[in-house]
Amino acid sequence: MRGDDLRTIGLLVLLAVVLVTGGCASTQETSTLQQSVSMLYDRQQNLERRVESSDNQAKKGGDLYARLEALQVQVGALNGRIDQLEHRIEQLNRASETRAPQTSSPSVAGPEPVMPPPLPSGPIQPSISAAPPSAPPAGPSTTAMAPPPAAATPPERDNPEKAQFDRANQLLQQGKYDAARKEYQTFLSKYPKSDLAEDALFSTGECFFSEKRYQDSIEIYQQVLDRYPKGKRIPNALFKQGSAFQQMGDNTAARILYERLVEKYAGSAQAQLAEKKLKQMP
């Protein structure tokens, strides 16, 4: 369209020159031709400006499109990362729900506290065979009527809950992880509302971790996080859960747990250990 205008302007100019030189054009016709040439020239200038503006807009549009594509790629990568983490969390929750009944009912019951035989309610009578054959039956005496001295009460009868928990801790310290874990599970089944239940559940995860059964330990630590969200063992459970994932080669999950620990429990001993782990990770 711009080429057509140029050709039109050229023809008009040529015509004006011919008419003027030939003496055939009047003053009014010459003025009209000049006005037409001027209008066409203005139109040409406007068209050129519009074309330049369109070119600039097209260039900017191309830049914006390229940036949009780059952003879409980044968003896609982030969505993939989020889907992966959500899948991992869903697996942990499902495994925690599956393991919960096993923790409440141990597979092998621990040893029951030994109870002493009941004391007789009445006075102890002498045995007939103990008396000499020729002696008359022994009558009641103050010695025979007096009750025997009370037997020493074992610690289990004073506080069987604490005694069983101490037994499990002793087995754990001795490195008998399987026996200690079963003892903790028995304790949890008997005393689920105990003040020591949180420690017993966390120690169950410690037994699994020491046995290198990392997936089982992760599930137990998750139960600690779910059951006691404000408990004293939360920083320990997060750190050991991250350590278990790291032992299994899942550095992504381990990093997420370490970062969560550092963010929520900054200044704690576990957060300091997590910071060291993060610096050592590739």
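Position 1 is the first residue of the sequence, and the numbers go up from there.
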Student: Within this structure, what is the OG-CD distance for the pair S217 and Q222, rounded to the nearest 0.5 Å?
Tutor: 11.5 Å
Student: Ignoring hydrogens, what is the shortest heavy-atom contact between L261 and Q270? Give both atom names and the distance.
Tutor: CD2-O, 3.4 Å
Student: Indicate, with yes or no, if L201 and L171 share a hydrophobic cluster defined by side-chain heavy-atom contacts under 4.5 Å among Ile, Leu, Val, Met, Phe, Trp and Tyr.
Tutor: no
Student: Quick one: list whatever passes side chain to side chain donor-acceptor pair (under 3.5 Å) with S210, sequence neighbours left out.
Tutor: none
Student: Identify every side-chain donor-acceptor pair in residues 271-282 under 3.5 Å, counting partners at least two apart or on other chains, and give the distances.
Tutor:
none

Student: Name all residues meeting the ring pair (Phe, Tyr, Trp, His ring centres under 6.0 Å) criterion together with Y177; count only those two or more places apart in sequence or in a different chain, and write none if there are none.
Tutor: none
Student: Under the side-chain contact (heavy atoms from CB on, under 4.5 Å) test, which residues partner K264, sequence neighbours left out?
Tutor: R260
Student: Does the side-chain contact (heavy atoms from CB on, under 4.5 Å) test come out yes or no for L225 and R233, once each step is laid out?
Tutor: CA-CA 8 Å; L225 298 174; R233 290 291 190 175; over 6 Å; no
Student: Can you check whether T204 reaches Q223 side chain to side chain, under 4.5 Å on heavy atoms?
Tutor: no
Student: Rounded to the nearest 0.5 Å, how far does CE of M248 lie from OH of Y214?
Tutor: 10.0 Å
Student: Going by side-chain contact (heavy atoms from CB on, under 4.5 Å), name the residues that satisfy it together with A168, two or more places apart in sequence or in a different chain.
Tutor: E183, Y184
Student: Enter the distance from Q215:CD to I220:CD1 here, rounded to the nearest 0.5 Å.
Tutor: 11.0 Å
Student: Taking the side chain from S203 and the backbone from A200, do they hold a donor-acceptor pair closer than 3.5 Å?
Tutor: no
Student: Just to verify, what does Y191 make a ring pair (Phe, Tyr, Trp, His ring centres under 6.0 Å) with, not counting sequence neighbours?
Tutor: F187
Student: Within this structure, what is the OG1-CG distance for the pair T252 and D250, rounded to the nearest 0.5 Å?
Tutor: 5.5 Å
Student: Going by the salt bridge (charged side-chain N to carboxylate O under 4.0 Å, His left out) test, which pairs reach into residues 236-247, not counting sequence neighbours?
Tutor: E206-K240
Student: Rounded at 0.5 Å granularity, tell me how far CG in L257 sits from CZ in F239.
Tutor: 11.0 Å
Student: Under the salt bridge (charged side-chain N to carboxylate O under 4.0 Å, His left out) test, which residues partner D178, sequence neighbours left out?
Tutor: R181, K182
Student: Are F165 and S194 close enough, and set up right, to give a side-chain contact (heavy atoms from CB on, under 4.5 Å), and what steps lead you there?
Tutor: CA-CA 11 Å; F165 183 78; S194 171; over 6 Å; no
Student: Sequence neighbours left out, what passes side-chain contact (heavy atoms from CB on, under 4.5 Å) with K232? Give chain and number order.
Tutor: E198, D199
Student: Output the distance between atom OH (Y258) and atom CD (Q241), rounded to the nearest 0.5 Å.
Tutor: 10.5 Å
Student: What residues form a side-chain contact (heavy atoms from CB on, under 4.5 Å) with E263, not counting sequence neighbours?
Tutor: none
Student: Without hydrogens or angle criteria, can the side chains of N169 and Q173 be said to hold a donor-acceptor pair below 3.5 Å?
Tutor: no
Student: Which pairs, with at least one residue in residues 219-238 and sequence neighbours excluded, count as a ring-ring contact (aromatic ring centres under 6.0 Å, His included)?
Tutor: F202-Y221
Student: Minimum heavy-atom separation for A197 and L188, please, with both atom names.
Tutor: O-CD2, 3.5 Å
Student: Could you pull out all residues at least two apart from K162 that satisfy salt bridge (charged side-chain N to carboxylate O under 4.0 Å, His left out)?
Tutor: D166
Student: Can you hop from F245 to I234 via hydrophobic side chains spaced under 4.5 Å?
Tutor: yes
